[in-house]
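This is a predicted model, so every value here is computed, not measured.
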Amino acid sequence: MGRRSATISIPGRDPQVLTYESYDGPLAVDAGDDAFLMAPLLLLMEAGYAVHVDGQITSRLLINLHELQTAWARWRPTKYKVVQITARDILDTTLTAGPAISAFSGGVDASYTVFNLTKKPSLVDLQTVIFVHGFDIPIDREDEYKSARDRGESMLSGLGLKSVGLKTNFRALDQSWEDSFGLAVSSCLTLFQDKHSIGLIGSGKAYDDLNLPWGSTPATDHLNSTGLMDIRHYGAGASRTEKMENLLNWPAAMKYLRVCWQGERGDSNCGRCEKCIRTFLNFKVAGAGELECFEQTPDRKSIRGLRVASRSQLKELVSILDYAKGRDLSEPWLPDLRIATAINSIRVPARKNKTLRRIFQAIK
């Protein structure tokens with residue numbers, strides 16, 4: 001197992017060691033140290049001190065991260081401050097054409113990315129995917145990670161992709177996951193920029209439904225690009241339901257897709273949590289038949305009792321109803337989803353009147 005690490009020292013706090021460990025051979029030092037700057041960026045911005053990296057950072061990343069800092073300082077001015085960043089060695093590099101590498105968890109966004117970018121002709125030469133351990137599956141659950149990775153590799157079988165496994169303690173850093181996960185994914189991708197010039201992050205939202213501020217968006221992910229790797233946000237041209245309609249053409253996805261993070265285990269879909277039920281509904285409204293990827297098929301009672309935790313999740317329910325209305329569907333579970341949406345619109349108030357109007361139109 002190859003390992004790279006860096007110590008993060010902030011005045012008045014105990015030092016923290018950020019680690020990345022490869023399950024599949026050494027991690028190249030030639031990839032530079034860009035990953036170790038972008039990963040704790042929001043932690044450093046929150047501390048508010050000038051930053052010095054005792055390593056090699058590309059000049060392009062320094063320029064990009066200054067702009068990214070201004071975005072977060074505008075979005076959350078009471079939490080984040082723009083800080084000065086210097087490095088022991090600043091590398092002026094020219095980005096050269098090379099193959100692409102994509103983050104892959106087995107979820108909808110990552111699956112949509114690899115499924116479409118492995119079709120010929122493709123916009124990029126996608127050759128490799130990374131299965132990261134330490135994001136959705138805690139780093140002490142080795143068996144669950146191995147099982148989830150086996151499941152993902154079964155899905156990818158036949159696409160001609162190489163997979164690499166990476167373990168990181170990123171989530172031990174004291175920073176918001178919702179704000180920092182795009183930087184987290186990008187940091188993992190850039191550990192492989194010695195052999196790949198494009199790093200891909202699957203989009204979680206469509207262009208007409210962006211959630212700002214958020215850790216990964218088409219407005220900011222490109223600012224994680226370095227002088228050696230171009231970070232690209234892919235898939236914002238499709239809604240979640242449209243992505244699933246696309247994935248119906250990939251039988252392996254219907255069997256091995258993994259979206260659940262609230263179940264007892266991180267290597268399967270419980271079929272009972274909010275995300276599993278919502279994903280099931282996305283698939284059904286898109287025209288899916290039997291779905292092998294769920295341990296338990298959500299019934300009408302569980303759909304009616306569905307409870308969301310945010311406006312973003314509420315908007316996803318509304319989008320499913322909109323999709324059904326646009327196709328004039330009359331599925332037996334639609335009245336249950338309307339009830340759930342109405343209840344959740346009271347529990348999780350919409351921020352804007354136009355969103356409320358959209359909810360009322362959807363549940364009529």
Side-chain angles (χ1 to χ4, degrees), residues 8 16 18-20 34-46 61 64-65 67-69 71-73 75-76 79-80 101-114 129-139 141 145 148 152 165-192 199-206 209-226 229 231-236 240 243 258-262 266 273-275 278-279 309-313 316:
I8 302 166
Q16 291 181 277
L18 173 65
T19 63
Y20 298 91
D34 290 334
F36 296 99
L37 173 58
M38 65 175 65
L41 179 69
L42 297 184
L43 176 67
L44 301 170
M45 289 181 66
E46 195 168 0
L61 182 63
N64 284 342
L65 290 190
E67 185 66 17
L68 182 62
Q69 286 191 79
W72 279 108
W75 283 335
R76 303 202 192 281
K79 186 172 186 177
Y80 301 125
I101 183 169
S102 180
F104 188 80
S105 62
V108 172
D109 304 320
S111 299
Y112 178 83
T113 297
V114 300
V129 297
I130 307 177
F131 290 89
V132 180
H133 182 194
F135 288 171
D136 56 338
I137 299 178
I139 58 175
R141 299 183 185 177
Y145 169 74
L166 190 68
K167 180 178 181 178
T168 178
N169 69 341
F170 174 89
R171 294 202 69 164
L173 300 180
D174 187 19
Q175 55 187 356
S176 164
W177 172 251
E178 287 76 14
D179 291 354
S180 65
F181 73 92
L183 285 161
V185 174
S186 297
S187 71
C188 294
L189 293 168
T190 59
L191 290 168
F192 300 89
L200 297 164
I201 300 177
S203 177
K205 290 286 186 180
D209 190 31
L210 294 182
N211 185 21
L212 297 174
W214 195 240
S216 172
T217 77
T220 52
D221 279 353
H222 68 98
L223 295 174
N224 301 335
S225 298
T226 75
M229 177 175 281
I231 299 293
R232 298 185 187 178
H233 187 98
Y234 180 82
R240 188 171 177 84
K243 288 178 182 178
R258 182 179 68 91
V259 301
C260 185
W261 60 272
Q262 292 176 295
C273 70
E274 181 274 333
K275 192 170 185 182
R278 178 161 47 87
T279 301
S310 67
R311 284 184 289 267
S312 178
Q313 292 175 358
E316 289 288 350

- Task: Determine yes or no for a side-chain-to-main-chain donor-acceptor pair under 3.5 angstrom, with E46 supplying the side chain and K79 the backbone.
- Result: no
- Message: Can you confirm whether V108 sits close enough to V259 that some side-chain heavy atom of one is under 4.5 Å from a side-chain heavy atom of the other?
- Response: yes
- Message: Before you tell me yes or no, could you show the steps for S312 and K205 under side-chain hydrogen bond (donor to acceptor under 3.5 Å, both in side chains), namely the whole-Å CA-CA distance, both residues' side-chain angles and the distance that decides it to 0.1 Å?
- Response: CA-CA 10 Å; S312 178; K205 290 286 186 180; 3.0 Å; yes
- Side-chain heavy atoms of S203 within contact of Y234, under 4.5 Å: no
- Heavy atoms only: give me the nearest T168-I139 pair and the separation to one decimal. O-CG2, 3.1 Å
- Query: Given side chains that start at C-beta, do those of L41 and M45 come closer than 4.5 Å, heavy atoms only?
  - Reply: yes
- Query: Would you call the rings of W75 and W72 parallel, tilted or perpendicular if under 30° counts as parallel and over 60° as perpendicular?
  - Reply: perpendicular
- Item | Donor-acceptor under 3.5 Å (R171 side chain, G134 main chain) | no
- Item | Audit row: S176, Y80, side chain to side chain contact (heavy atoms under 4.5 Å, CB included) steps and yes/no | CA-CA 11 Å; S176 164; Y80 301 125; 4.3 Å; yes
- Message: I need the I201 CD1 to N224 CG distance, nearest 0.5 Å.
- Response: 6.0 Å
- Do you know which two heavy atoms are closest between I231 and S225, and how far apart they sit? N-OG, 2.8 Å
- Evaluate the side-chain proximity of L166 to F131: yes if any heavy-atom separation is below 4.5 Å, no if none is. no
- Ion pair check, E316 and K275, cut-off under 4.0 Å: no
- Query: Do F170 and Y20 have ring centres separated by under 6.0 Å?
  - Reply: no
- If you measure from CG on D136 to CH2 on W261, what distance do you get to the nearest 0.5 Å? 10.5 Å
- If you look at every heavy atom in M38 and T226, which pair is closest and at what distance? CE-CG2, 4.1 Å
- Item | Interatomic distance, N64 atom CG to H222 atom NE2 [nearest 0.5 angstrom] | 7.5 Å
- All heavy atoms of V185 vs all of A103, minimum pair found to be CG1-CB, 3.5 Å
- Item | Student check: side-chain heavy atoms of L68 and L183 closer than 4.5 Å | yes
- Query: Which pair of heavy atoms, one from K243 and one from G235, lies closest together, and at what distance?
  - Reply: CE-O, 3.3 Å
- Task: Report yes or no: does Y145 contribute a side-chain atom to a donor-acceptor pair with the main-chain N or O of V132 at less than 3.5 Å?
- Result: no
- Query: If you measure from CG on L42 to CD on Q69, what distance do you get to the nearest 0.5 Å?
  - Reply: 9.0 Å
- Query: Could you state the interatomic distance from CG (N211) to CD (Q313), rounded to the nearest 0.5 Å?
  - Reply: 10.5 Å
- Message: For L200 and H233: C-alpha separation, side-chain torsions, deciding distance, then whether side chain to side chain contact (heavy atoms under 4.5 Å, CB included) applies.
- Response: CA-CA 6 Å; L200 297 164; H233 187 98; over 6 Å; no
- Note on the structure: In terms of heavy-atom contacts, A71 and T220 come closest through CB-CG2, 4.4 Å
- Flag the pair T217 / L212 as yes when at least one side-chain heavy-atom distance between them is below 4.5 Å, and no otherwise. yes
- Message: Test your reading of the model: is there a side-chain donor-acceptor pair from R240 to the backbone of D109, 3.5 Å cut-off?
- Response: no
- Query: Do R232 and D221 sit within salt-bridge range, that is, some charged N less than 4.0 Å from a carboxylate O?
  - Reply: no
- Message: Looking at T190 and S187, would you say the former's side chain and the latter's main chain have a donor-acceptor pair under 3.5 Å?
- Response: yes
- Item | Ring centers of F135, F181 separated by less than 6.0 Å | no
- If you round to the nearest 0.5 Å, how far is CG of L37 from CG of L44? 7.5 Å
- Quick one: does N169's side chain have a donor or acceptor within less than 3.5 Å of a partner on T19's backbone? yes
